[in-house]
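Since we're looking at a predicted model, the values are computed, not measured.
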Amino acid sequence: MENNIVRFKCPHCHQPLAFKRPEKGDSVGITCPQCKNHINIKIREKAIHLPGQEPPTHEARPRLMLTDGSQRDFVLRHGSNIIGRKDTDVEQDIAIDGDPTISRRSVEIQVSLATGGGCAFRLKVLNAKNPVYVNNSPLHVGNSITLRPGDTLMLGGTKMKLCV
């Protein structure tokens, strides 16, 4: 019976949630008891695709690659990706360690399916105390911009490149 229970985290507040797997072809609507956001989950023939979790794919996954020569990269998931300085008191999806000039919740990158396939990327500056740069152009709190593969981002003193 445990195989009929699907466990996941709310894509908004990360509260652990679960539901009983319905018959194939159905969908499930859940309201998170913590943040009160509604989550729609479509049940497909081969898999369940939850918001904020990518379906299995053979394509390369989008990522941010640090350009400091370290070869470190951070995979971007579909949905919201909050990026900021690593801090155990503040939750981020991608936590950058070692650069005190990055704000704790600096930017959000929304990843969605693009028309015609692939991914679309939208960056929004959240709470950056220092300017955020995209392709050497400064952005400020509240600014939003479409990103393309190959674009470079500078958060504080950390430079990274959007790769797919």
Side-chain angles (χ1 to χ4, degrees), residues 1-66 72-99 102-129 132 139 141-147 149 151 153 155 158 160 162-164:
M1 189 55 101
E2 184 66 29
N3 290 341
N4 289 333
I5 303 297
V6 177
R7 298 180 192 287
F8 68 104
K9 290 185 179 182
C10 173
H12 306 284
C13 70
H14 305 289
Q15 169 75 21
L17 300 171
F19 66 91
K20 183 178 177 186
R21 181 188 306 258
E23 295 297 318
K24 294 175 185 169
D26 290 344
S27 63
V28 174
I30 296 175
T31 300
C32 176
Q34 181 170 318
C35 69
K36 306 298 184 212
N37 280 299
H38 188 73
I39 306 160
N40 289 316
I41 301 166
K42 293 181 182 176
I43 309 302
R44 304 212 189 260
E45 184 70 25
K46 294 184 179 179
I48 295 176
H49 300 282
L50 301 171
Q53 296 179 351
E54 294 188 53
T57 180
H58 298 295
E59 298 175 12
R61 297 184 62 178
R63 67 191 190 287
L64 292 174
M65 185 171 65
L66 296 181
R72 285 192 307 156
D73 62 5
F74 303 95
V75 174
L76 296 169
R77 64 179 187 179
H78 278 78
S80 174
N81 295 269
I82 305 295
I83 304 166
R85 181 177 76 235
K86 185 175 183 177
D87 185 326
T88 56
D89 294 333
V90 178
E91 190 171 328
Q92 317 91 349
D93 299 299
I94 296 175
I96 309 292
D97 199 10
D99 184 351
I102 299 175
S103 296
R104 290 171 181 88
R105 291 177 59 87
S106 186
V107 298
E108 173 186 35
I109 297 179
Q110 281 285 338
V111 180
S112 59
L113 294 176
T115 54
C119 293
F121 306 94
R122 188 88 183 151
L123 178 138
K124 181 177 181 183
V125 180
L126 298 176
N127 190 26
K129 302 292 186 219
V132 171
L139 298 173
V141 173
N143 290 157
S144 183
I145 187 171
T146 298
L147 296 176
D151 283 351
L153 286 68
L155 305 179
T158 301
M160 53 192 88
L162 178 61
C163 302
V164 291

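At a threshold of 4.5 Å between non-hydrogen side-chain atoms, the residues Leu123 and Leu162 do not count as touching. With contacts defined as side-chain heavy-atom distances shorter than 4.5 Å, the pair Pro33/Leu17 qualifies.
Between Ile102 atom CD1 and Leu155 atom CG the span is 5.5 Å, to the nearest 0.5 Å. For the atom pair CZ of Arg63 and CE of Met160, the computed distance is 13.5 Å after rounding to the nearest 0.5 Å. Atom CG of Leu126 sits about 10.0 Å away from atom OG of Ser144, to the nearest 0.5 Å. Atoms CG and OG, from Asp87 and Ser103 in turn, are 11.5 Å apart once rounded to the nearest 0.5 Å. Taking CZ from Phe74 and CD1 from Ile83, the interatomic distance works out to 9.0 Å, rounded to the nearest 0.5 Å. Here the CD atom belonging to Gln34 is positioned 9.0 Å from the NZ atom belonging to Lys36, to the nearest 0.5 angstrom.
In this structure, Asp151 has no salt bridge (charged side-chain N to carboxylate O under 4.0 Å, His left out) partners at least two apart in sequence or on a different chain. For Cys35, the side chain to side chain contact (heavy atoms under 4.5 Å, CB included) partners two or more places apart in sequence, or in a different chain, are Cys10, His12, Cys13, Cys32, Asn37.
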Show the atom names and distances, to 0.1 Å, of all donor-acceptor pairs under 3.5 Å that link a side chain in residues 90-99 to residues at least two apart or in another chain.
| from | atom 1 | to | atom 2 | distance (Å) |
| --- | --- | --- | --- | --- |
| Glu91 | OE2 | His14 | NE2 | 3.0 |
| Gln92 | NE2 | Arg85 | O | 2.5 |
| Gln92 | NE2 | Arg104 | O | 3.2 |
| Asp93 | OD1 | Arg77 | NH2 | 3.3 |
| Asp93 | OD2 | Ile82 | N | 2.7 |
| Asp99 | OD1 | Thr101 | N | 2.9 |
| Asp99 | OD1 | Thr101 | OG1 | 2.4 |
| Asp99 | OD2 | Thr101 | OG1 | 3.4 |
| Asp99 | OD2 | Gly157 | N | 2.8 |
| Asp99 | OD2 | Thr158 | N | 3.0 |
| Asp99 | OD2 | Thr158 | OG1 | 2.6 |

Side-chain donor-acceptor pairs of residues 108-119 under 3.5 Å, sequence neighbours excluded:
| from | atom 1 | to | atom 2 | distance (Å) |
| --- | --- | --- | --- | --- |
| Glu108 | OE2 | Ser80 | OG | 2.6 |
| Glu108 | OE2 | Gln110 | NE2 | 2.9 |

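The salt bridge (charged side-chain N to carboxylate O under 4.0 Å, His left out) analysis of residues 112-129, with sequence neighbours excluded, yields no pairs.
Across Val125 and Val107, no two heavy atoms sit closer than the pair CA-CG1, 4.1 Å.
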